[in-house]
Amino acid sequence: MARTHILGFPRIGARRELKFALEAFWRGEADDDTLRRTCTELRHRHWQMQRDACLGHITAGDFALYDHVLDHCVLFGALPPRFGFDPRALTRAQYFELARGNAKQPAMEMTKWFDTNYHYLVPELSAESCFAGGVEWFLDDVKDALALGSPVKPVLIGPITYLWLSKSAPGFDRLSLLPSLVTAYERVLRQLHALGVEWVQLDEPALSTELAEQWVNAYEIAYPALARTGINLMLATYFGSGSEYAARLVRLPVRGFHIDLVRSPEQQEIWRALLPEHAVLSAGIVDGRNVWRTDLRRALNLLRPLHDALGERLWIAPSCSLLHVPVSLEHERQLDAEVRPCLAFASEKLHELDVLARALNEGEASVAEAFTASDAAQEARRASRRVVNEVVRERIAGVTSAMAERRSVYAERIGKQRQALQLPPIPTTTIGSFPQTQAVRQARAAYKRREITAVTYLQRIRSEIEQAVSRQENVGLDVLVHGEAERNDMVEYFAENLWGYMITENGWVQSYGSRCVKPPIIYGDIYRPEPITVDTIRYAQSLTSKPMKGMLTGPVTMLQWSFVRDDQPRGATALQLALAIRDEVEDLEKAGIRVIQIDEPALREGLPLQRGEWEQYLSWAVHAFKLTAAVVRDETQIHTHMCYAEFNDILPAIAALDADVITIETSRSNMELLDAFGAFNYPNDIGPGVYDIHSPRVPTSDDMVRLLHRAAQVIPIERLWVNPDCGLKTRGWPETERALRNMVNAAHQLRAELGLVTTQE
Ligand code: GLN
Ligand code: ZN
């Protein structure tokens, strides 16, 4: 009998109950009890869903109030000492201070969980770190689950991945903490054993990266000790293939291995061949990272030989935790009737597991209906005219490499652009968005509910644009933006206007803490039926004689922040997005727009976990961007923008984008990134952010002049721009205006110092 289980379930709630409960608690509107009640309800609801889907185990310990990595620090009592908290008496309020900071201490650092859009809090370790134990919320959850009477499989991050994800001062070897960390895990595993738990899942996604030898060794040190606790360990790999290490891992005294057969189906052979007699193989066959309904027949064909070989030693699971998909289709009322049957969110995926297990255990006939529906959905997708658009296919076939090259090289273009734009030296600009006022949000909501007409909505947006333009003129900026008042989100806005995209109402996925994103879904060939931003930008340009930037989201970021199709490679979808946005670039230029910004903040995020695959990714990603941009004349200036990521290791690719100007976030890293750009000799114009938009603090002109001096040391002055780190949509107008005024003053000061004063000033 093949068994089913999941690696984890989304905790946010189908209606984002956790988000609202957390935010009410933080605002002081809900007390500890209320928050706790919401969490308990969510956990119980999610366990019940697993029971209803007849899963062999229900999974516990995957819930987290804010973040599951932080919960491990809390369980082990390894809190950053700088907060001065007693780990054994940690309160919920203190827990949130770790996550969000307090008056004295900045929050723990947050970073992306592997190649997902989930952000975890980075454990801070040093030689003094000890794992002597903290509060036992984790065990309380497990007890709560056990009380339901179903077999419970708790989940923890494995010790090696936990250490691997942590940070410490340079030079400190985190692996030196392994013995004490293993002791802490042993303690917890013994406690679980005493509660009657038989299986524990230990997540080791670090195994899908290229690990240095001492990290692989660490598995051989840690796991034998953990196995001695008598509990059955399921070592879970996901987000890639663990096959590189399989030959060594199978010798560990664990009772099961989970492998991701969605990302790396080919690894099933190696694991099947190496799997020891006593061990279980958990086949991650249902996609935990995407929203598509499983092709049950394909899945069954893949599982059948495994089942024949392994019998009850085969478990069936999603590829990874379902944390990365929305909770349920049940709350989607407006989905396209043709696409809806092709989707499966977390709760639907639970039933897919059940169907697959029944097909193996009791024969396909026992679940014939589910298979018929699955076959029909697959067939509908293959044949749908919404999926395959011949016009797009033809255009893609006609793409040449010349289409991705500007007519002249940067050195020639920039002269023509300076001539055409007549900008002062060291020009000032902003990144795109301006404060999204309550009034704009309300107008958008009212428009969506059809309470106000399209014309009224348009008028409100135009009045926002008018204000944004006049404020920028007053402040004295050189290249203006329209402020993005019409955009709820930089990806969803374009997705709403492109064929091949679908928007959900409640397809929320946790990004961090109470923050969620609602990625649009790409189901078909991307086609732009008509211009999207041209009217808006043309209107904004009509209000000023200064250049107005056209503002677009680039193809790689569109791709990266969407749920993508699984029936063609990502690169192929990126190419379609590139053509659609290229058309928009062309139309903006035709409408007289002389500066066009194509944002690519997610370029870095798309990097594969395996370094060996970077080159291939970067080659199609860079091509997609260039194809988008290269349609314009030499005189038209292309900007791009990137932020909040480590760009140092992909500088050659960034340079290869050949944007005329790049604006980047630098102030948070104290301009370290800029040094990298300098050392690399970045060839085109560059605007290092001199205003940290994540802080409500208004930087003074002196602050910014200081940063500009540093910038001027590594960037030739004729290629230097002055701008904030990122968009300003989360800030308020008063602070924004003051900061921008100071920023413009800083540019004036620098120009004066360098004797570059222009007649305008
Ligand atoms: N143009 C966008 C804005 O200003 C860029 C946002 C981003 O970099 N994430 O909001
Ligand atoms: Zn940004």
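Indexing begins at 1, ligand by ligand and atom by atom, following the structure's order.
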Peer 1: Using a 3.5 Å cut-off on N or O atoms only, is Met551 in polar contact with ligand 1?
Peer 2: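 Between Met551 and ligand 1 (N or O atoms, distance only) the closest approach is not under 3.5 Å.
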Peer 1: Cation-pi check for Phe239 against Arg289: NZ or CZ below 6.0 Å from the six-membered ring centre and within 45 degrees of the axis, yes or no?
Peer 2: yes
Peer 1: Please state which protein non-hydrogen atom is closest to atom 5 (C) of ligand 1 and give its distance, to 0.1 Å?
Peer 2: Asp599 OD2, 3.4 Å
Peer 1: Counting each atom of ligand 1 from 1 as listed, which ones have a heavy atom of Cys643 under 4.0 Å away?
Peer 2: 8 (O)
Peer 1: Carefully, step by step, assess Asn684 and Ile662 under the rule side-chain contact (heavy atoms from CB on, under 4.5 Å).
Peer 2: CA-CA 8 Å; Asn684 301 6; Ile662 182 170; over 6 Å; no
Peer 1: From Arg697 CZ over to Asp692 CG, what is the distance, rounded to the nearest 0.5 angstrom?
Peer 2: 9.0 Å
Peer 1: Between ligand 1 and Trp561, is the shortest N or O to N or O distance under 3.5 Å?
Peer 2: no
Peer 1: Suppose I only count heavy atoms of Ile431 and a 4.0 Å limit; which atoms of ligand 1 are within that range?
Peer 2: 1 (N), 4 (O)
Peer 1: Go through Gln597 and Thr640 one step at a time and tell me if the side-chain hydrogen bond (donor to acceptor under 3.5 Å, both in side chains) criterion holds.
Peer 2: CA-CA 5 Å; Gln597 178 170 315; Thr640 189; over 6 Å; no
Peer 1: Can you sort out which atoms of ligand 1 are near Gly727, meaning under 4.0 Å from one of its heavy atoms?
Peer 2: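 Checking each atom against Gly727, I get 3 (C), 4 (O), 10 (O).
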Peer 1: Salt-bridge test for Lys590 and Asp583: reply yes if a basic N is under 4.0 Å from a carboxylate O, no otherwise.
Peer 2: no
Peer 1: Does the side chain of His482 come under 3.5 Å of the side chain of Glu484 through a donor N or O and an acceptor N or O?
Peer 2: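 The criterion, which ignores hydrogens and geometry beyond distance, is not satisfied for Glu484 and His482.
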Peer 1: On the ring face of Phe647, is Arg604 found with NZ or CZ under 6.0 Å from the centre and within 45° of the axis?
Peer 2: no
Peer 1: Give the numbers and elements of all ligand 1 atoms closer than 4.0 Å to a heavy atom of Cys726.
Peer 2: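 It comes down to these atoms of ligand 1: 7 (C), 8 (O).
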Peer 1: Please verify whether a non-hydrogen atom of Glu484 lies at under 4.0 Å from ligand 1.
Peer 2: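 Yes; Glu484 lies near enough to ligand 1 that a heavy-atom distance drops under 4.0 Å.
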Peer 1: Relative to the ring of Trp26, is the ring of Tyr66 parallel (under 30°), tilted (30 to 60°) or perpendicular (over 60°)?
Peer 2: tilted
Peer 1: Between Arg418 and Asp660, is the closest basic N to carboxylate O distance under 4.0 Å?
Peer 2: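 No, this pair does not count.
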Peer 1: Under 4.0 Å from a heavy atom of Gly432: give me the atoms of ligand 1 that qualify, with their elements.
Peer 2: 4 (O)
Peer 1: Which ligand 1 atoms does His641 reach within 4.0 Å, using its non-hydrogen atoms?
Peer 2: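 Near His641, meaning under 4.0 Å from one of its heavy atoms, ligand 1 has 8 (O).
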Peer 1: Can you report which non-hydrogen protein atom sits closest to atom 9 (N) of ligand 1, along with the distance?
Peer 2: Met490 SD, 3.6 Å
Peer 1: Take the Zn ion (ligand 2) as the vertex and measure to SG of Cys643 and NE2 of His641; round to 10°.
Peer 2: 110°
Peer 1: What is the nearest protein non-hydrogen atom to atom 10 (O) of ligand 1, stated with its residue, atom name and distance?
Peer 2: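 Minimum-distance protein heavy atom for atom 10 (O) of ligand 1 reads Ser433 OG, 2.8 Å.
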